Colleague: 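Below you'll find the structure I mean.
Computed from a predicted structure; not experimentally measured. Note that these values count all heavy atoms, side chains included, but never hydrogens, waters or copies made by symmetry. Chain letters run A, B, ... following the sequence lines, proteins first, then strands; residues in each count from 1.
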Amino acid sequence: MTQARPIGRFRFMDEQRVNLDGFAREDPQLGLVAFNSPSDPTPSLVIEGGVVIEMDSKPAADFDIVDAFIATHALDHAVAQEAMALDDLDYARMIVDPNVARAEVVRLAGGMTPAKLARALATLRPAELVIAMTKCRARRTPSNQAHVTNRSDDPLLLAADAATAAAFGFRELETTVPVLGDAPSNAIAVSIGAAVGSPGILIQCSVEEALELELGMRGLVSYAETVSLYGTEQIFIDGDDTPWSKAFLTSAYASRGIKMRVTSGGGSEALMGSAEGCSMFYLEARCVALARAIGSQGVQNGGIDSASVAGSVPGGVRSLMAENLMVMVRNLEACTGNDALMSESDVRRTSRTHPIFIGGSDFICSGFGSIQRYDNMFGPSQWNSEDIDDFLAMQRDWGVDAGLRTAAEPDVARLRRRAAEAVRDVYRVLGLADFTDEWLEQAVDAAGSKDVPDADLMTPLTASRLIRDTNVTMLDVIRALDDCGYDIEAQRLLEMLHARVEGHYLQTAAIFTEGMQVLSLVTDPNDYTGPGTGYTPTAARQLEIDSIRQQKSVDDLRGSQQAAASARLSATGFASPGTDPRDVVIGVSPATARAIWRTLCGLTVDEALDELLAGLEEEGCTGRIVRFNDTIDLGLIGLKAARLAGSGIGIGLQAKGTALIHRRDLTPLANLELYSVAPSLTRGAYRQMGINAGRHAKGSTPEPGRNPYSDEAIEARYHTTVVALVAIERECCDPAGFPESLTLAEER
Amino acid sequence: MTTAKSGKPLTEVTLDALRAGDLEIDDVRIHPDTLAAQARVAADHGNPQLAENFLRAAELTLLPDDRVMAIYEALRPRRSTALDLAAIADELEGLGAARNAALIREAAQVYQARNLLL
């Protein structure tokens with residue numbers, strides 16, 4: 001039997017990018033269910049003599065390693081009875097109620113088991129999640145994290161891209177390696193580049209647990225995040241760790257003054273084939289409770305590498321956001337996913353991020369791909385370098401702070417050069433590598449590693465071996481920077497080492513401002529209690545959000561019009577009515593040949609007039625150009641032109657290019673032909689309009705010209721320009737002005 | 001005033017000191033007393049587990065890097081016998097790292113029950 005071919009409408013729909021995504025039927029057996037699997041345990045907690053003897057319907061004797069650690073370390077026994085007795089919806093309402101303090105929500109969560117908290121948070125609807133996130137995140141000021149990696153571990157490009165990410169406002173940079181051996185070189189290159197871009201940028205190099213700790217101990221990175229937790233025992237052990245090894249690792253980082261958070265995420269257990277029939281959200285609730293139990297200050301979750309698994313099931317995207325919220329109500333730093341790309345569809349990936357974007361979190365993305373997709377060694381991110389301007393525009397649209405700021409090209413160019421030169425100099429002084437001028441120039445200019453053909457893949461590997469063999473620490477890097485004249489950057493990196501000694505940035509949700517002030521749960525606690533409270537950008541920060549580099553004023557437009565000024569049109573005095581039946585008047589608007597010289601389609605006004613006149617001439621008519629100075633209304637300009645014309649036919653032309661044909665006996669708005677889509681007009685269209693006007697003058701009925709049609713967002717592209725052009729027309733308009741004849745000199 | 005693990009005041013951890021060759025890695029390491037102070041801050045901000053972590057960390061400042069790495073490795077699944085873990089716990093206890101010793105003894109007990117010993 002052959003499959004019937006679907007109808008065209010469905011063939012067309014099937015071709016859309018969203019249909020590249022996988023959508024799974026719910027299958028609790030496989031863990032392919034977002035919330036409330038039949039196998040999720042019923043919440044319970046029995047404590048006797050200060051010891052948990054039953055948790056979530058499981059007796060202590062049956063505890064696996066995850067249960068055992070949570071039961072021993074996570075729960076606040078003083079609150080447990082009260083918290084476990086709370087109705088799920090009552091607690092959910094407290095979370096969104098602005099009159100209930102965040103501290104109270106946090107206090108009660110301390111007494112809740114994973115199953116209890118999972119059930120309560122599962123009741124929150126999307127809009128409620130947004131409010132809950134606004135209220136419950138730890139830090140008042142939102143922030144963002146970027147990935148900075150490339151295919152060749154090119155130190156110069158890493159440095160230039162780190163400086164670029166810092167310029168765009170990211171406060172944490174995460175690098176990693178395609179080649180494990182390159183890790184120390186990457187850590188140094190990104191640290192230097194970030195220090196060129198801004199003070200106070202936190203740096204991590206995501207690699208295997210032990211190597212990452214070693215990098216931290218040498219001072220080469222300033223935070224760690226790749227400390228993975230899982231919700232089932234089997235997957236935990238497959239990950240070659242236990243809750244105790246992770247707890248020890250957590251303390252090891254703190255013992256060297258290094259910030260650390262753990263990573264988990266719904267769907268990872270299903271992806272690795274051992275979800276024990278439980279929902280993604282319940283398993284993640286275990287991870288979050290464990291994160292709190294081991295003493296981590298924060299969690300990166302929201303799917304992360306398995307975000308697309310969660311995204312494949314009903315309610316999955318909502319569960320990703322609910323995971324983040326769970327971290328917040330457990331009083332931890334939330335680094336809220338929006339990391340690995342979860343959909344081929346731009347619409348779906350935007351939809352997934354948007355509620356978190358407007359709600360605000362400690363880090364909106366736990367890895368915005370600030371580099372090219374192909375250079376992202378974590379795989380493409382939810383947001384990538386091609387989206388930076390989109391993200392900035394979205395911040396501006398909603399007036400929200402999602403951590404980014406606009407950066408001017410000359411500034412970024414200067415920073416990239418300084419970053420690449422600093423790395424080159426430091427590597428030379430430390431005897432790690434030499435770089436050619438060509439390589440450096442390519443790295444400074446590059447949009448991605450494909451633009452750096454001169455990069456030598458062996459360089460980072462050799463440099464990394466030397467860094468490890470000769471025991472290079474951050475102090476050596478700082479000394480080398482200082483020796484080479486980069487004293488500002490040397491000072492900035494030394495301050496990052498000071499931060500480790502002070503330990504303030506070990507507290508929950510810490511970042512540094514550019515003034516090296518720590519913002520954390522302790523110094524910048526979220527104080528949202530309803531409208532008018534909580535985080536509001538300062539005036540200076542709001543200006544950064546609003547002032548994207550693409551915005552233009554009327555003055556900017558006036559300047560660009562002035563650059564197209566021409567002397568071909570000149571006024572020759574009062575325009576009189578014509579008598580010749582072949583006389584057609586082309587009425588032009590007040591700003592013509594005064595302030596507006598170029599139409600929206602890119603043709604100059606002169607060129608549009610050339611074509612109109614030529615079209616009229618083809619039909620044996622004579623065109624006369626008259627500027628009407630007393631109105632900017634195109635219908636009226638066309639009608640006035642028609643009334644001056646011997647033929648009774650006029651053409652109206654606004655300097656921005658919109659045009660129509662009019663006849664003296666018609667009302668202003670009832671024209672014969674209108675070419676309204678000025679940005680899409682061409683020389684041919686103006687020529688045709690001239691021809692048609694000539695035919696009207698001769699009394700025949702031409703085939704009307706059709707507006708060119710396109711599927712582009714013409715209005716989005718041109719409406720701001722139109723507003724400015726109309727303002728300029730109005731400035732040139734004089735209600736007492738008389739019509740002036742204009743002559744158009746031959747093109748020279 | 002904050003002092004580094006070495007005892008040097010942070011105000012003396014400067015570029016000038018680095019230029020003079022007067023800085024070493026312990027001058028940019030956190031002092032156990034500082035971690036204890038941060039633990040009090042964490043406890044005051046509703047996170048006793050974070051406080052406990054800082055107190056374990058304060059103890060680990062006393063261990064050299066490679067020893068810390070080795071103990072981490074020993075705690076991974078099926079790396080150690082019960083005796084190995086007991087020895088590490090005793091070693092830590094002897095160094096005054098009682099909290100870490102307790103963590104390791106607790107791990108040994110659960111590892112025994114869950115078949116995670118070598």
Colleague: With rounding to the nearest 0.5 Å, note down the distance linking CG in A/Leu213 to CG in B/Asp65.
Modeller: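 It comes to 7.5 Å.
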Colleague: Has B/Asn47 got a side-chain atom pairing as donor or acceptor with A/Arg330's backbone, closer than 3.5 angstrom?
Modeller: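 Not a single qualifying donor-acceptor pair exists.
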Colleague: Chain A heavy atoms under 4.5 Å from B/Ala58: which part of the residue, side chain, backbone, both or neither?
Modeller: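 Answer is neither: B/Ala58 stays 4.5 Å or more from chain A.
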Colleague: Could you verify whether a donor N or O on one side chain and an acceptor N or O on the other, from B/Asn53 and A/Thr250, lie under 3.5 Å apart?
Modeller: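 No - no donor-acceptor pair under 3.5 Å links their side chains.
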Colleague: May I ask you to list the residues in residues 33-40 of chain B that approach chain A closer than 4.5 angstrom, counting heavy atoms only, ordered by number?
Modeller: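 Under the 4.5 Å heavy-atom cut-off, B/Thr34, B/Leu35, B/Gln38 qualify.
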Colleague: Hey, what do you get for CZ (B/Arg19) to CZ (A/Arg479), rounding to the nearest 0.5 Å?
Modeller: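 Here the rounded value is 11.5 Å.
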Colleague: Of all the residues in residues 89-102 of chain B, which have a heavy atom that comes within less than 4.5 Å of a heavy atom in chain A?
Modeller: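 The residues closer than 4.5 Å to chain A, in numerical order, are B/Asn100.
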Colleague: Sort B/Val13 into side chain, backbone, both or neither according to what part of it lies under 4.5 angstrom from a heavy atom of chain A.
Modeller: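 The answer is both parts of B/Val13.
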Colleague: Mind listing the side-chain donor-acceptor pairs of residues 73-80 of chain A below 3.5 Å, one per line with the distance, residues two or more places apart or on another chain?
Modeller:
residue: A/His73; atom: NE2; partner: B/Glu106; partner atom: OE1; Å: 3.0
residue: A/His73; atom: NE2; partner: B/Glu106; partner atom: OE2; Å: 2.8
residue: A/Asp76; atom: OD1; partner: A/Ala78; partner atom: N; Å: 3.1

Colleague: So with a 6.0 Å cut-off around CD of A/Glu104, is the heavy-atom count from everything else above 12?
Modeller: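 More than 12 within 6.0 Å, yes.
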Colleague: Can you tell me how far apart CD1 (A/Ile237) and CG (B/Asn115) are? Round to the nearest 0.5 Å.
Modeller: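 Reported to 0.5 Å precision, the distance equals 8.5 Å.
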Colleague: Listed by residue number, which members of residues 66-81 of chain B have a heavy atom under 4.5 Å from any heavy atom of chain A?
Modeller: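 Listed by number: B/Val68, B/Met69, B/Ile71, B/Tyr72, B/Leu75, B/Arg76, B/Pro77, B/Arg78, B/Arg79.
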Colleague: Select one option (side chain, backbone, both, neither) describing which atoms of B/Pro48 are under 4.5 Å from chain A's heavy atoms.
Modeller: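 Both the backbone and the side chain of B/Pro48 come within 4.5 Å of chain A.
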Colleague: Could you check if a side-chain atom of B/Leu50 sits within less than 4.5 angstrom of a side-chain atom of A/Gln297, using non-hydrogen atoms only?
Modeller: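 They are in contact (side-chain heavy atoms under 4.5 Å apart), so the answer is yes.
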Colleague: Does any heavy atom of chain A fall under 4.5 Å from the side chain of B/Asp44, the backbone, both, or neither of them?
Modeller: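 For B/Asp44, there is no contact with chain A at all, as no heavy atom is under 4.5 Å.
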Colleague: With rounding to the nearest 0.5 angstrom, report the OG1 to CD distance, B/Thr14 to A/Gln491.
Modeller: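 If we round to the nearest 0.5 Å, B/Thr14:OG1 and A/Gln491:CD are 8.0 Å apart.
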Colleague: Kindly compute the distance separating CG (B/Leu18) from CG (A/Leu475), expressed to the nearest 0.5 Å.
Modeller: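 Rounded to the nearest 0.5 Å, the CG-CG separation comes out at 6.0 Å.
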